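Scroll down for the structure; my scribbles are underneath it.
Remember, predicted model here, so these are calculated numbers, not experimental data. Values reported hereafter were calculated over all heavy atoms of this structure, with side chains retained and with hydrogens, waters and symmetry mates removed. Note that ligands are numbered from 1 as they come in the structure, with each ligand's atoms numbered from 1 the same way. Just so you know, residue 1 is the first one in the sequence shown, and it goes up from there.
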Amino acid sequence: MVNQIIIGSDHGGYRLKNEIITHLKNLGYEISDLGCYSTESCDYPIIAKDVAEEVLANKCKGILVCGTGIGMSIAANRYEGIRASHCTDTFTARMTRAHNDSNILCLGERITGTGLALDIVDIWIKTEFEGGRHQKRINLIDERI
Ligand code: RB5
């Protein structure tokens, strides 16, 4: 499914995640929310694992939200084939799709306000990977040279 987005958060990103879900559903995206489902304290590496595995299995994009976005990005990037990008601005969001073929966007609810976060999401989702020399560099990451 081309417009499928897998999404997850811990308690620190729960509210922003819900704003993103509402926004993307209004735009017609199919959203799979893998939790958490309340502001009760939970562990971000577990959610990051679940989202990373679904992104790889479905060859689609994912979004992870925690307090800073950093814990989620550290955890998600442990999974081979995941290129998780922590973004706090729209330029980075565009470039990490165009040059890194980022497949998971990480956001921090305690860092980035909802309006900017939704702009980041829109730009990140819509920007196409440029391929070419950038594909060669991604291959080098996977070859672990
Ligand atoms: C939870 O308090 C917080 O540590 C988490 O949401 C995230 O910011 C970790 O990187």
Side-chain angles (χ1 to χ4, degrees), residues 1-130 134 137-145:
M1 197 185 311
V2 167
N3 68 345
Q4 181 187 19
I5 305 285
I6 314 294
I7 194 163
S9 76
D10 71 354
H11 56 289
Y14 176 72
R15 290 186 182 86
L16 178 56
K17 179 185 70 173
N18 287 337
E19 299 275 6
I20 294 168
I21 290 171
T22 300
H23 177 70
L24 291 178
K25 280 186 174 172
N26 286 339
L27 293 174
Y29 288 91
E30 296 284 336
I31 307 298
S32 300
D33 180 7
L34 302 189
C36 63
Y37 303 111
S38 77
T39 54
E40 187 179 332
S41 184
C42 64
D43 300 320
Y44 64 81
I46 293 166
I47 302 289
K49 176 179 190 288
D50 290 346
V51 169
E53 288 179 346
E54 280 300 297
V55 165
L56 292 169
N58 293 286
K59 296 183 170 51
C60 64
K61 294 190 180 87
I63 298 174
L64 285 165
V65 192
C66 63
T68 60
I70 294 173
M72 284 296 197
S73 63
I74 291 170
N77 277 316
R78 292 293 182 96
Y79 298 89
E80 190 170 349
I82 292 297
R83 293 174 298 281
S85 305
H86 176 232
C87 295
T88 57
D89 65 273
T90 53
F91 179 79
T92 308
R94 182 163 54 250
M95 295 308 289
T96 199
R97 282 288 310 129
H99 288 191
N100 312 128
D101 198 16
S102 169
N103 52 9
I104 292 185
L105 171 66
C106 299
L107 293 163
E109 179 182 305
R110 298 171 187 162
I111 306 294
T112 305
T114 302
L116 176 56
L118 296 182
D119 278 356
I120 290 170
V121 166
D122 286 346
I123 287 169
W124 183 83
I125 283 177
K126 287 177 188 159
T127 303
E128 297 290 337
F129 177 48
E130 289 178 8
H134 303 296
R137 291 163 186 166
I138 286 170
N139 294 345
L140 289 171
I141 296 171
D142 292 336
E143 289 164 21
R144 298 168 185 267
I145 64 151

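With sequence neighbours excluded, no residue forms a salt bridge (charged side-chain N to carboxylate O under 4.0 Å, His left out) with E130. A search for salt bridge (charged side-chain N to carboxylate O under 4.0 Å, His left out) contacts involving D119 returns nothing, not counting sequence neighbours.
When each of L16, L116, I5, I20 is checked for a side-chain contact (heavy atoms from CB on, under 4.5 Å) with V121, only I20 meets the rule.
Between N58 and Q4, the shortest heavy-atom distance links the atoms CB-OE1, 3.7 Å.
Legend: ring-ring contact (aromatic ring centres under 6.0 Å, His included) pairs involving residues 37-89, not counting sequence neighbours: none detected.
Contacts of ligand 1 (protein heavy-atom distance under 4.0 Å) are D10, H11, Y44, C66, G67, T68, G71, R110.
Between E53 and K49 there is a salt bridge, with a side-chain nitrogen of the basic residue lying less than 4.0 Å from a carboxylate oxygen of the acidic one.
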